[in-house]
Amino acid sequence: MSRRIAILCFLIAACHRQAARQPVVVLTTPALAATGATRRLVDAFEKESGRHIDMRIVTAEQILAAADSRTGAVAMYRSPQLDEQLTQRHGERLRSIFAYEDYELVGPERDPAHVRGSPTAQEAFRRIAQQKRRFCSPADVASAANIEREIWSAAQINPKSLRHHTQCHGNAADVLATAARLQAYTVLDRASVVAGKPAQLAVLGHDIPMLHYAYIVALLQSNRQNRDAEWLVEWVMSYRGREVVENLQSPVIPKLYLPELH
């Protein structure tokens, strides 16, 4: 009888421990959620670990508030501004880059707008507008078109007001061909530029703000250890997470690159 009671007590305690286990809260920004990367990583981790993830699409301000209140949530985002604010406030503990996307500004080799050497993409776009140079908008290349809109917005310029802003249709190769023919500037992802840049064009801007986007996973500090949250961050950075990123395909993002393993 005593053995049966002991087993029953053990089972009840195990059930209580299981019930007490809270899901890992993952906070992600709309920009990253739209790529599908967060959802794919969360689904793969849940399937492998058996842990439940509570994924929430929130603003950058809400992620900052969660970090300040030490909730112990995991944040995934694609925002240089948010990343700078988080690291200034809380340092880089358990903050890691799990992927990144690269874009390049290309244009005539002679660079009549003098954008080569611009410190930021928005400064390069301002120079193109001020010099009234032609810009070939990659209208049908979703990822590049989104980046172009973000850069014009950051530069505080409405491209529709620019006489020499041209909608260039077709795939990335078509856009590059049109830009070469018009001797225009354009912006496209690095893989497309490497694959098809005409000789008449040169890469005039890359690896500068708004052309380089890091995908960040960070454990927001907690007043007590959250082993499952730590496990998720470690898993994303492991070969299992990298495999998910490598196989990710989405119409709104170009080829993603993986950081080097150390």
Side-chain angles (χ1 to χ4, degrees), residues 23-64 66 73-83 86 94-104 121 138-151 153 171-172 175 187-195 209-220 228-261:
V24 177
V25 175
V26 172
L27 307 177
T28 189
T29 54
L32 185 55
T35 69
T38 314
R39 182 79 269 167
R40 287 284 300 278
L41 285 165
V42 162
D43 288 349
F45 178 77
E46 282 187 321
K47 183 177 180 180
E48 182 172 324
S49 68
R51 300 291 183 261
H52 176 57
I53 304 297
D54 179 7
M55 186 179 119
R56 305 174 188 175
I57 300 175
V58 300
T59 63
E61 290 73 21
Q62 287 173 301
I63 290 179
L64 287 170
V74 173
M76 293 188 190
Y77 54 89
R78 170 192 170 277
S79 170
Q81 296 82 8
L82 172 58
D83 193 43
L86 269 179
L94 286 183
R95 168 207 169 273
S96 302
I97 297 173
F98 67 88
Y100 60 93
E101 55 183 280
D102 271 341
Y103 295 86
E104 293 184 332
D140 299 329
V141 184
S143 59
N146 289 337
I147 293 300
E148 184 207 347
R149 282 192 293 269
E150 290 181 12
I151 297 173
S153 177
N171 59 26
V175 172
V187 62
L188 285 165
D189 65 279
R190 173 157 59 106
S192 295
V193 174
V194 170
M210 301 204 76
L211 291 180
H212 179 89
Y213 285 85
Y215 287 47
I216 307 292
V217 59
L219 178 62
L220 306 183
D228 286 346
E230 293 178 0
W231 182 11
L232 172 59
V233 173
E234 293 165 359
W235 183 91
V236 169
M237 296 305 298
S238 73
Y239 75 90
R240 297 179 181 86
R242 290 168 68 90
E243 188 175 73
V244 172
V245 172
E246 281 187 309
N247 294 326
L248 180 66
Q249 294 183 347
S250 168
V252 298
I253 56 172
K255 171 182 171 61
L256 291 179
Y257 297 88
L258 296 172
E260 294 182 7
L261 291 174

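All values derive from a computational prediction rather than experimental measurement. For this chain, numbers begin at 1 and follow the sequence in order.
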After noting the C-alpha distance and the side-chain angles of I216 and I97, does the key distance pass the side-chain contact (heavy atoms from CB on, under 4.5 Å) rule?
CA-CA 5 Å; I216 307 292; I97 297 173; 3.4 Å; yes
Start with the C-alpha distance between K47 and D43, add both sets of side-chain angles, then the distance that settles salt bridge (charged side-chain N to carboxylate O under 4.0 Å, His left out), and finish with yes or no.
CA-CA 6 Å; K47 183 177 180 180; D43 288 349; over 6 Å; no
Show, in sequence, the C-alpha distance, side-chain angles and deciding distance for T28 and M55, and conclude whether the side-chain contact (heavy atoms from CB on, under 4.5 Å) test is met.
CA-CA 7 Å; T28 189; M55 186 179 119; 4.2 Å; yes
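For residues 23-38, the set of pairs meeting the salt bridge (charged side-chain N to carboxylate O under 4.0 Å, His left out) definition, not counting sequence neighbours, is empty. Legend: ring-ring contact (aromatic ring centres under 6.0 Å, His included) pairs involving residues 30-60, not counting sequence neighbours, sorted by first then second residue: F45-W231, F45-W235. Judged as a salt bridge (charged side-chain N to carboxylate O under 4.0 Å, His left out), not a single pair has a partner in residues 244-257 (not counting sequence neighbours).
In this structure E243 satisfies the side chain to side chain donor-acceptor pair (under 3.5 Å) test with no other residue, sequence neighbours excluded. Scored by the salt bridge (Lys or Arg N to Asp or Glu O under 4.0 Å) test, R149 finds no partners at all (sequence neighbours excluded). Residues passing the salt bridge (Lys or Arg N to Asp or Glu O under 4.0 Å) test with R56 are D54, sequence neighbours excluded. Residues forming a ring-ring contact (aromatic ring centres under 6.0 Å, His included) with Y257 (at least two apart in sequence, or on another chain): Y100. Qualifying salt bridge (Lys or Arg N to Asp or Glu O under 4.0 Å) partners for R40, counting only residues two or more places apart in sequence or in other chains: none. A75 pairs by the side chain to side chain contact (heavy atoms under 4.5 Å, CB included) definition with I63, Y77, L220, not counting sequence neighbours. A search for side chain to side chain donor-acceptor pair (under 3.5 Å) contacts involving E104 returns nothing, not counting sequence neighbours. Listed by chain and number, the residues in a salt bridge (Lys or Arg N to Asp or Glu O under 4.0 Å) with E48 are R240 (sequence neighbours excluded). R242 meets the side chain to side chain donor-acceptor pair (under 3.5 Å) test with no other residue; sequence neighbours excluded.
Between I151 and L211, some side-chain heavy-atom pair lies under the 4.5 Å cut-off. Inter-residue side-chain proximity for D83 and R95 is flagged as met; some heavy-atom pair is nearer than 4.5 Å. At least one side-chain heavy atom of L86 sits less than 4.5 Å from a side-chain heavy atom of L64. When side chains are defined from C-beta on, L27 does not count as touching Q62, because their heavy atoms never get closer than 4.5 Å. Counting only heavy atoms from C-beta outward, the side chains of F98 and P259 never approach each other to under 4.5 Å. Side-chain contact between I253 and L248: present, with at least one pair of heavy atoms (C-beta onward) separated by less than 4.5 Å. You'll find the side chain of V245 stays beyond 4.5 Å of the side chain of Y215, heavy atoms only. Using a 4.5 Å cut-off on side-chain heavy atoms (C-beta onward), R51 and L232 make no contact.
The heavy-atom pair separating I147 from R78 by the smallest distance is CD1-NH2, 3.3 Å. Nearest approach of L188 to A144, heavy atoms of both residues: CD2-CB, 3.9 Å. Residue V244 comes nearest to A44 through the heavy atom pair CG2-CB, 3.8 Å, listed as atom of the first residue, atom of the second, then distance. Listed here is the closest heavy atom pair of T35 and A31: CG2-O, 3.5 Å. For the residue pair V175 and P138, the shortest heavy atom distance occurs at CG2-CA, 4.0 Å.
One N or O on the side chain of E46 and one on the backbone of I53 form a donor-acceptor pair closer than 3.5 Å. With hydrogens and angles ignored, the 3.5 Å screen pairs a side-chain donor or acceptor of N146 with a backbone N or O of A142.
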